[in-house]
Amino acid sequence: MSERFESVEHFSLVITQISSKIPDEGITLEEFLDIIGERGLFMSCMILTAPFLLPVSIPGSSIPFGTAIFLLSIRIGFNSPILIPKRFMNRHISKHDLNLILNELLNILTPIEKVIKPRLSILVESNRIKHFNGAMVSFGAILLVTPIIAPLGDFLPSYGILFISLGYLEHDGYLVLAGYITVIATAIYYILIFAIGIKIILIIISYFGLHP
C-alpha cells in the first residue's frame, strides 16, 4: 500500500465514499478493509479507530478492530505482509453501526482539517521515524485491546492512533507529537488504574483477614 495520501481536504471525501459503499445487510471487517482499499496502511489504521472515537463505543468491537490496527501497524514497522486471523476478519458489523461511527469520524476530522499543515518534519519524513510511528500505533493498539475496566479505556488510545496516523499522512509533526503524548498518557493512566485496583483488592483481603 502507498504510505501517503494526497491532501487533507480529501479525508472527509474518502470517509463519505466508504460510507456510500456499505451494503444494507452490513459488512464484515474483511469487506470493510477491502472498501478502504489501497489508500495506505496509516489510512487504514486511522479509519479503524472510528468505532472508539465516541466516549461509549460499540461493545466487543475493540478486540477485532484493535487487532487489525495492531497487525497493520506491525506491517508498517517491518514492511512485510501479516495476515489478520479469520475470526476477526469475519466479524459482522451492521450498516447502522458503521454509518454511526463513520459520521462521528467525519465530525472529528472536519475541525482538525482546518488547522492541520506540514510542520515539525523531523517526526514524519524519514523511514526510521515511519517505523517508530508504526511502533507507537502498535503500542496504542495493544492498549486498545487490553482488557482493563476504566473510563474512556478505548477512547484515549484510539485518539493517539488517529493523531499519529493522520499527522504522518499530512506531514504534521505537531499532530504526531500529540499522538505520542496521548498514547503515553494512556499507558500511565492504565498503570494507575491497575495499581489502584490491586490496592483495593489488598485492602479487602486485609479487611476480611484473608492475608497470610
Side-chain angles (χ1 to χ4, degrees), residues 1-73 75-76 81-118 133-134 137 140-141 144-145 154-155 157-172 175 179:
M1 290 185 179
S2 170
E3 296 304 333
R4 284 283 189 262
F5 201 66
E6 294 190 3
S7 63
V8 69
E9 64 269 13
H10 288 171
F11 284 107
S12 297
L13 177 61
V14 169
I15 301 302
T16 302
Q17 291 172 343
I18 290 171
S19 181
S20 69
K21 294 179 181 178
I22 300 171
D24 292 339
E25 65 272 18
I27 199 170
T28 65
L29 179 56
E30 182 174 17
E31 292 165 340
F32 185 56
L33 288 174
D34 286 341
I35 288 177
I36 294 174
E38 296 295 315
R39 294 187 172 99
L41 296 171
F42 277 109
M43 182 68 175
S44 297
C45 290
M46 186 184 77
I47 293 176
L48 287 171
T49 64
F52 318 110
L53 299 178
L54 289 167
V56 180
S57 58
I58 299 171
S61 58
S62 63
I63 292 179
F65 277 70
T67 300
I69 293 169
F70 175 74
L71 293 176
L72 289 170
S73 61
R75 182 173 175 180
I76 294 169
I82 294 178
L83 296 177
I84 302 174
K86 279 290 184 184
R87 62 190 178 123
F88 296 128
M89 296 292 278
N90 289 335
R91 178 180 171 83
H92 185 269
I93 309 158
S94 73
K95 181 173 182 175
H96 175 268
D97 285 343
L98 267 180
N99 280 333
L100 179 67
I101 58 181
L102 289 177
N103 286 337
E104 182 60 26
L105 181 57
L106 272 176
N107 292 335
I108 292 165
L109 283 177
T110 300
I112 295 177
E113 289 175 347
K114 294 177 181 178
V115 299
I116 198 169
K117 60 184 177 181
N133 287 337
V137 170
L144 186 60
V145 301
D154 294 341
F155 183 77
S158 66
Y159 268 94
I161 294 168
L162 174 68
F163 291 158
I164 294 170
S165 300
L166 183 59
Y168 178 80
L169 287 165
E170 290 305 327
H171 295 220
D172 191 337
L175 194 57

query: Can you list the residues that meet the side-chain contact (heavy atoms from CB on, under 4.5 Å) rule with Pro111, with sequence neighbours excluded?
result: none
task: Using atom types as modelled and distance alone, determine if a side-chain donor or acceptor of Asp172 lies under 3.5 Å from a backbone N or O of Lys117.
output: yes
- request: Taking all non-hydrogen atoms of both residues into account, name the closest pair between Ile112 and Phe163 and its distance.
  value: CD1-CE2, 4.2 Å
query: What distance separates Phe155 CZ from Thr49 OG1, expressed to the nearest 0.5 Å?
result: 11.0 Å
message: Is there a side-chain contact between Asn133 and Phe42 in this structure, where contact means two heavy atoms from C-beta onward sitting under 4.5 Å apart?
response: yes
message: Going by the rule side chain to side chain donor-acceptor pair (under 3.5 Å), which residues pair with Asn99 if we only count those two or more places apart in sequence or in a different chain?
response: Ser19
field: Interatomic spacing from CD in Glu170 to CG in Leu175 - rounded to 0.5 Å
entry: 9.5 Å
statement: For Ile164 and Gly179, the nearest pair of non-hydrogen atoms, with its separation, is CG1-CA, 3.7 Å
message: Measuring from atom NE2 of His96 to atom CD1 of Ile22, what distance do you get when rounded to the nearest 0.5 angstrom?
response: 12.0 Å
message: Please enumerate all residues that pass side chain to side chain donor-acceptor pair (under 3.5 Å) together with Thr110, with sequence neighbours excluded.
response: none
By salt bridge (charged side-chain N to carboxylate O under 4.0 Å, His left out) - contacts of Lys95 (at least two apart): Asp24
statement: Smallest heavy-atom separation, Ser165 atom then Cys45 atom, equals OG-CB, 3.8 Å
query: Is any side-chain heavy atom of Leu109 less than 4.5 Å from a side-chain heavy atom of Leu166?
result: yes
Atom of Ala141, atom of Ile161 and distance for their closest heavy-atom approach: N-CD1, 3.7 Å
